[in-house]
Amino acid sequence: MSEKRKPYPFDEFEPKWQSHWGKNKTYRTPGPGEEGFDPSKAKYYILDMFPYPSGAGLHVGHPEGYTATDIVGRYKRMKGFNVLHPMGWDAFGLPAEQYAIKTGQHPRVTTEANIANFRRQLQALGFGYDWDREVNTTDPGYVRWTQWIFLQLYHSYFCDEEQKAKPVSELEAKGWTQEQIDEVRLAFIHEAPVNWSPSMGTVLANEEVEEWKAKGETVERRPLRQWMLRITKYAQRLIDELEPLDWPESIKALQRNWIGRSEGAEVVFEVLPGTQTDHSEEAGDASFEVTVFTTRPDTLFGATYMVLAPEHPLVAEVTSPEQKEAVAAYVAACASKSDMERGLDKEKTGVATGAFAINPVNGEKIPVWIADYVMMGYGSGAIMAVPAHDERDFEFAKKFDLPIIQVVSEGSEDLSPSLPYTNQGTAINSGFLDGLKTSDAKKTMIAWLEEKGKGTRKVQYKLRDWLFSRQRYWGEPFPLLWDKETGRHVALPESELPLLQPEMEDFKPTGDPRGPLLNATDWIDYSPKYTRETNTMPQWAGSCWYYLRYCDPGNTEFFLSKEAEDYWGGDEAFVDLYVGGTEHAVLHLLYARFWHKVLHDLGYLKSKEPFKKLVNQGLILGEDGQKMSKSLGNVVNPDDVVENYGADSLRLYEMFMGPLEQVKPWSMSGVEGVHRFLAKVWRVAVREDGEGVWVPSGKIAEGEDRELAKTTHQTVKKVQEAIESLRFNTAISSMMECTNAYTAAQEVPRGLFLIFLKLLNPFAPHLTEEINALLGESELLSEQSWPEVDESLLVEAEIQLIVQVNGKLRARIMVPADVSKEDAEKAALAEGHVQSFIEGKTLRKIIVVPGKLVNIVAS
RNA sequence: GCCGGUGUGGCGGAAUUGGUAGACGCGCGCGAUUCAAAAUCGCGUUCCCUCGGGAGUAUGGGUUCGAUUCCCAUCGCCGGUACCA
């Protein structure tokens, strides 16, 4: 079987150019203080979501976003910007650690090997990264500053008055005790029930629980001492400061939804513990206060019972002796279920506690129940139940036969809607609220509660504090110490950073929720007085600030120099364009925004936000229209595409498939299509001589050609506009049209063809540089400036007008470009075909759109 | 359920502020070249048609001289989220 003849020798010149660029550091971008830095140029910072270097290597989804940013980066360079476009590795992570446990190899070894493979693959695609700025989250020089930023969080608190982070030293100066300060640090320790997997020896995120259980791992709820970051303090700013960003509406919505702001009121209920009916010795003695959160304070008169979450701290205290057993059994049953499983139960469940609450608005005694449809983690873990106007309360009341009182009617009339009625309306059966519209009733009730001291206006968020500790080996250790005597935590001195994991033979999970580092006994024994914290940080830590480090990757004095920050960081947001997958819509993008704001508050960054413009590339599906997966056998390996068609073809195809943000299926014949296009460009300029050597075709001539000049300059304009708006598919189609014109022509003026090569260069850098060199040009295309559009070539003496009769196309006529409305009308009416359509009809109206069309309305 | 997106030929997809629907590519058909094929080049390719035209951008309405584009309703698909009080 003979090898198919390649239409152009990409396998020879692509590696050649890649090594040329590498050796000459063609895409090196000097920053402030570095040789060759030009401060007069404007900066443009383009960022890719850096990959996790998995053992599987690149998949076709990676080059999609990376090619898009590469094109923009090359274009902006040609436009005269200082373009920062770096690449790096998000290299901590569970797969490397698990592989290490299996093979006995240190994760650093496998991680390095994977990175080398990823780097090779990316370089084989000809991306113009500045490899001198490469960043690796596992490098000691990087870990140092990740830990340093953590310490900034640890040493800060959130000032509610100023709505910003400030150093805790200010509180010390005010005489706060260490205990008090520990209560407000942005990094704090907290004991809470988490998903703990005894079989895996680590905590899991809520989202991961079902997946691992299905694989046979065990997961239980266990209260553990964990490090948390107080992101909830930033909830409002994370919503407000999202607004001006140039992000897809869907991602903004996702973040807002995740933060989950709702307005309402807190209402305080007095709760009388359940007593034994027979011996009511201490009746009325002890009472408790339970606060509930509601978004509908206007329905308070309709509250007919109260529900506490099973984990609510007062459950045991208020439960009557008679209900003790039932309540305890219910609480135990709930404890064994994850939040997920609780959600899956269709039927409402619950148990009465025997206690009663006093509705503050009317003094009514209402029963207190516990039920798992109330979550401890949201609001206060207790609700007032208004079955007439809440679907869940309604369902519960029906099942347990609890009273239902309607307090909102539909509209202004006293209509009786079918219950539960959850919309707005008019208050009824509600004393002083009667007749008020819902929005007014809310305000009135809140004012009443505040006046009586029974409640306040309250804004509630779904966002939880960020559980920041993991029980893993392959992650940044916390730079913290524990005082053996007092049991208090203190920060490791900054001079001791980075704090790396100790070398360990065995870092398998031990089953101890303090993690595998616990076994490094020498390491944890810091001094006679202190022992080390053994938790490590989650993978998110490194990815929270990598975009900052790229600006000054080698700095050993600070995480980012003032000069680099000042030049590369914007005033409003740091990165100009951020491209990556939608899977990071919430967590990574929220976490990075949070850290950025803290660093901003502490005076290290002038911008409030990390990413100005965000674009999500769409998922690439398999040829069968399904998600690529090994089991379906529809996975496309970029290495194979490069081998068969070349890197330029892969780049071009990924951009030609369709809009960047859209989900789209792969097509090998589509790859062949763009490959044919590149071959066509090649053939315009190059031919094979008798000896099989590639030589200039002779078609590129010195002359001029008015038509081709016009086509070329139209293409310049279209390609430029398309790149600016990230519509790469249409940029390519207009270059295809231009190439078709060149192919059809006898000769192509050299000047025009060189302009065309510049347009194609950001898309297909290897092919265009090779042709450019073959034509005897010595300067690299990528170091030239972007061509100017010659507008004078685009103006026409004569233009085509569309003639419509009653909105239907009937003729096309040629008229002078500066034709008057009257003349255009006349010419249109005179057209023979048009006449046959208006014959015998009355002309009602004639619309003339200059330069476009004439529409004759006749009947 | 809620939130966001989306619906155009056989397929991927084009269409500035409402102004020639189907650019470009794939596939398919025909032709040129070739002993033949591959490759390449050229022509055609939304559907119907009595060759004058007619219909057509998920469906049904509306606004307009004119709607893929704007408005209302309905349906389908994709993504997120889910007892958040």
Side-chain angles (χ1 to χ4, degrees), chain A residues 4-5 7 248-254 256-258 260-262 264 292-296 299 307 309 339-340 342-346 348 371-375 377-386 389-393 395-396 422 460-464 582-583 585-586 616 618-619 621 625 652-653 656-659 661-674 676-677 679-680 683 721 725 727 729-737 739-740 743-744 800-812 833 836 844-849 851-858:
Chain A
K4 203 170 78 178
R5 183 85 176 86
E249 189 46 46
S250 59
I251 303 292
K252 286 189 181 182
L254 241 43
R256 274 189 226 108
N257 204 282
W258 187 266
R261 183 186 201 273
S262 46
V292 303
F293 172 72
T294 176
T295 54
R296 293 294 300 269
T299 62
V307 185
D339 288 355
M340 190 66 178
R342 280 166 73 155
L344 289 176
D345 294 334
K346 284 174 210 93
K348 291 270 178 293
D372 67 1
Y373 80 92
V374 174
M375 307 289 151
Y378 182 75
S380 59
I383 62 156
M384 62 178 223
V386 185
H389 306 289
D390 181 281
E391 284 179 28
R392 296 147 302 177
D393 296 346
E395 202 188 315
F396 192 84
T422 56
Q460 189 64 244
Y461 302 90
K462 276 197 275 187
L463 185 70
R464 312 288 169 81
T582 182
E583 68 272 19
V586 180
N616 293 118
L619 192 68
L621 304 174
L652 213 65
Y653 175 64
F656 188 60
M657 290 174 84
E661 304 189 64
Q662 194 166 299
V663 177
K664 40 209 179 284
W666 187 267
S667 156
M668 265 317 167
S669 47
V671 179
E672 284 188 48
V674 293
R676 277 204 281 269
F677 159 64
K680 220 164 168 174
R683 276 196 306 274
E721 284 169 0
S725 52
R727 291 177 359 244
N729 53 333
T730 59
I732 294 167
S733 67
S734 63
M735 287 188 285
M736 285 173 167
E737 289 181 90
T739 302
N740 290 341
T743 301
Q800 184 186 264
L801 274 193
I802 300 308
V803 186
Q804 296 178 332
V805 178
N806 293 331
K808 288 207 168 85
L809 175 68
R810 295 303 177 193
R812 298 177 171 87
H833 198 63
S836 69
R844 302 285 173 198
K845 200 177 186 180
I846 299 179
I847 289 113
V848 180
V849 182
K852 283 258 164 74
L853 60 73
V854 179
N855 187 13
I856 301 161
V857 186

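Computed from a predicted model, the values in this text were never measured in an experiment. Residue numbering restarts at 1 for every chain, and letters A, B, ... go by the order of the sequence lines.
The distance from atom CZ of Phe656(A) to atom P of C26(B) is 8 Å, rounded to the nearest whole Å. The separation between Arg261(A) atom CZ and C3(B) atom C1' is 18 Å, rounded to whole Å. At whole-Å resolution of the value, CG in Leu801(A) and P in G66(B) are 20 Å apart.
Across all strands, Ser250(A) comes closer than 4.0 Å only to sugar-phosphate atoms, never to a base (heavy-atom distances). Using a 4.0 Å heavy-atom criterion, one finds that Ile802(A) contacts the bases of the nucleic acid, with or without backbone contacts as well. At a threshold of 4.0 angstrom between heavy atoms, the contacts of Pro248(A) with the nucleic acid are absent. Val857(A) comes within 4.0 angstrom of sugar-phosphate atoms only, judged by non-hydrogen atoms across all strands, and of no base. Lys680(A) comes within 4.0 angstrom of the backbone, heavy atoms only, and of no base. Counting non-hydrogen atoms under 4.0 angstrom, Gly673(A) reaches the backbone sugars and phosphates but no base. Residue Ser667(A) is classed as having no contact, given no heavy-atom separation below 4.0 Å to the nucleic acid.
Remark: Arg256(A) is not in phosphate contact with G4(B), judged by side-chain N or O atoms under 4.0 Å from OP1 or OP2. A sub-4.0 Å separation between OP1 or OP2 of A14(B) and a side-chain N or O of Asn729(A) is present. Contact annotation: Ser734(A) does not reach the phosphate of A23(B) (side-chain N/O to OP1 or OP2, under 4.0 Å). Contact between the side-chain N/O atoms of Gln662(A) and the OP1/OP2 oxygens of G13(B) is found at a separation under 4.0 Å. For G27(B), the OP1/OP2 oxygens have a side-chain nitrogen or oxygen of Arg676(A) closer than 4.0 Å. In this model, the phosphate group of G25(B) is approached by a side-chain N or O of Asn740(A) to a distance below 4.0 Å at OP1 or OP2. The phosphate of G13(B) has neither OP1 nor OP2 within less than 4.0 Å of any side-chain N or O from Arg727(A). When the side-chain nitrogen and oxygen atoms of Lys845(A) are compared with OP1 and OP2 of C65(B), one or more of them lie within a distance under 4.0 Å.
Considering only residues two or more places apart in sequence or on other chains, Lys664(A) meets the side chain to side chain contact (heavy atoms under 4.5 Å, CB included) condition with Glu64(A), Met657(A).
In this structure, the nucleotide among A85(B), C3(B), G27(B) sitting nearest to the side chain of Ser262(A) is A85(B). Here the side chain of Asn855(A) is nearest to one of A85(B), U20(B), G66(B), namely G66(B). If you check C41(B), U20(B), G5(B) against the side chain of Arg683(A), the one that comes closest is C41(B).
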Output field dot_bracket for RNA chain B (Watson-Crick or G-U, both distances under 3.5 Å, | for other-strand pairs) contains (((((((..(((......[....)))((((((.......))))))(((....)))..(((((..]....))))))))))))....
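Looking only at distances, a side-chain donor or acceptor of Asn806(A) sits under 3.5 Å from a matching main-chain atom of Ala858(A). Between the side chain of Arg683(A) and the backbone N or O of Pro7(A), no donor-acceptor pair lies under 3.5 Å. With hydrogens and angles ignored, the 3.5 Å screen pairs a side-chain donor or acceptor of Tyr653(A) with a backbone N or O of Ser667(A).
Annotation: cation-pi geometry not satisfied between Lys348(A) and Phe396(A) (NZ/CZ under 6.0 angstrom from ring centroid, within 45° of ring axis).
Side-chain contact, Lys845(A) with Asn855(A): no donor N or O sits under 3.5 Å from an acceptor N or O.
For CD of Glu583(A), the number of neighbouring non-hydrogen atoms (other residues, nucleotides, ligands) closer than 6.0 Å is greater than 12.
Taking 3.5 Å as the limit, the base of U20(B) and the side chain of Gln804(A) contain no donor-acceptor pair of atoms between them.
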